[in-house]
Participant: 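Structure below; questions to follow.
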Amino acid sequence: MKRPMQIAVLVFTVGATGGLLASGGEKEGSKILTQASNAKWQAECASCHMAYQPGLLPERSWRKLMAGLDKHFGENASLDPATAEEITRFLAANSADRSGNRRSARIAASIPAAAVPLRISETAYFRRKHDEIASDIWRRAKVGSPANCQACHQAAEKGDYSERNVKIPR
Ligand code: HEC
Ligand code: HEC
């Protein structure tokens, strides 16, 4: 009976510390996506758009996306099998449902179990967070598409999507 008690105390302590840090601005920090990197992913997945952090989609989405690179949103983004396999392993290991990051966990939780979205911008989490953005803003020349995260999130490439680093271009 001693163990569960100790665990309860530990959980409480961590929770309380999180609360304290929140007032000092550290809570935002904990929302920054896990910074995992892989050289092949950087080389192959950041040439047409930013390298979307693995923690933005669940494992099943990455596997499906990586299995269809020859028909990737109207582009052929095919890779040799060894490279594709390494990137798939990297994305899966750090995916929204496996990374342990708080924001990633929320993204994963917003997707129904049977759904396998290929776009971050189609998840309920994304829609909810962007529901105040008028449709004409998405069409602005400097934005172009909801997939263009770094048009508005100035620290997107660091996995930082916090409010203080958002600036919608004119
Ligand atoms: C040849 C160019 C090209 C390459 C290389 C490429 N992509 Fe893409 N990707 C695109 C285009 C085009 C879109 C659609 C962008 C839009 O809707 O504005 C896209 C969209 C995406 C999206 C959906 C974004 C969203 O939420 O709407 C993901 C996720 C993605 N790519 C992942 C990857 C990964 C992982 C790799 C590396 C294996 C990769 N891409 C390599 C062209 C590319
Ligand atoms: C047209 C500009 C724009 C684009 C493009 C955009 N966002 Fe956002 N995003 C915003 C705004 C504005 C907010 C709301 C800021 C706030 O109030 O926290 C937001 C909020 C968010 C949040 C929640 C922030 C928080 O602390 O609650 C996340 C996560 C996020 N965006 C991720 C993304 C990702 C990933 C992409 C690309 C796939 C993207 N955004 C594309 C403007 C944009």
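No experiment lies behind these values; they were computed from the predicted model shown. One-based numbering, in listed order, for ligands and for the atoms of each.
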Participant: Could you give me the CA-CA distance, side-chain angles and deciding distance for Gln53 and Tyr161, then say whether side chain to side chain contact (heavy atoms under 4.5 Å, CB included) is met?
Facilitator: CA-CA 11 Å; Gln53 286 81 19; Tyr161 296 92; 2.7 Å; yes

Participant: Go through ligand 2 atom by atom and flag the ones less than 4.0 Å from a non-hydrogen atom of Cys152.
Facilitator: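 Answer for ligand 2: 1 (C), 2 (C), 3 (C), 4 (C), 5 (C), 42 (C), 43 (C).
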
Participant: Between ligand 1 and the protein, which N/O pairs fall short of 3.5 Å?
Facilitator:
unit_1, atom_1, unit_2, atom_2, d
ligand 1, 7 (N), His49, NE2, 2.8
ligand 1, 7 (N), His72, NE2, 2.9
ligand 1, 9 (N), His49, NE2, 2.9
ligand 1, 9 (N), His72, NE2, 2.8
ligand 1, 17 (O), Arg119, NH1, 2.8
ligand 1, 17 (O), Arg119, NH2, 3.0
ligand 1, 18 (O), Ser145, OG, 2.7
ligand 1, 26 (O), Ile120, N, 2.8
ligand 1, 26 (O), Ser121, N, 3.0
ligand 1, 26 (O), Ser121, OG, 3.3
ligand 1, 27 (O), Arg119, NH1, 2.7
ligand 1, 27 (O), Ser121, OG, 2.8
ligand 1, 31 (N), His49, NE2, 2.9
ligand 1, 31 (N), His72, NE2, 2.8
ligand 1, 40 (N), His49, NE2, 2.8
ligand 1, 40 (N), His72, NE2, 2.9

Participant: Parallel, tilted or perpendicular for His130 and Trp138, by the 30°/60° rule?
Facilitator: tilted

Participant: By number and element, which atoms of ligand 2 are closer than 4.0 Å to a non-hydrogen atom of Ile133?
Facilitator: 10 (C), 11 (C), 12 (C), 42 (C), 43 (C)

Participant: Only pairs under 3.5 Å count here: list side-chain donor-acceptor contacts from residues 114-124, not counting sequence neighbours, and write none if there are none.
Facilitator:
unit_1, atom_1, unit_2, atom_2, d
Thr123, OG1, Ile120, O, 2.8
Thr123, OG1, Phe126, N, 3.2

Participant: Measure Glu132 to ligand 2 on non-hydrogen atoms and call it side chain, backbone, both or neither using the 4.0 Å cut-off.
Facilitator: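 Contact part for Glu132 vs ligand 2: neither.
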
Participant: Among pairs that include at least one residue of residues 37-49, which meet side chain to side chain donor-acceptor pair (under 3.5 Å), considering only residues two or more places apart or in two chains?
Facilitator: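 Qualifying pairs: Asn38-Glu86, Lys40-Glu86.
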
Participant: For the residue pair Ser95 and Trp62, what are the closest heavy atoms and their distance?
Facilitator: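 Distance-wise, the nearest heavy atoms are CB-CD1, 3.9 Å.
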
Participant: Any atoms of ligand 2 less than 4.0 Å from a non-hydrogen atom of Tyr125? List them with their elements.
Facilitator: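 Atoms satisfying the 4.0 Å criterion: 29 (C).
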
Participant: If we ignore hydrogens and angles and just use 3.5 Å, is the side chain of Asp97 paired with the main-chain N or O of Glu59 as donor and acceptor?
Facilitator: yes

Participant: Using every non-hydrogen atom in the two residues, find where Arg60 and Pro112 come nearest and quote the distance to one decimal.
Facilitator: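 Taking Arg60 first and Pro112 second, the nearest heavy atoms are NH2-O, 3.1 Å.
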
Participant: At under 4.0 Å between heavy atoms, which part of His153 makes contact with ligand 2: side chain, backbone, both or neither?
Facilitator: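 Near ligand 2, His153 shows its side chain, while the N, CA, C and O stay back.
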
Participant: Tyr125: what forms a ring-ring contact (aromatic ring centres under 6.0 Å, His included) with it, not counting sequence neighbours?
Facilitator: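 Applying ring-ring contact (aromatic ring centres under 6.0 Å, His included) to Tyr125 gives none.
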
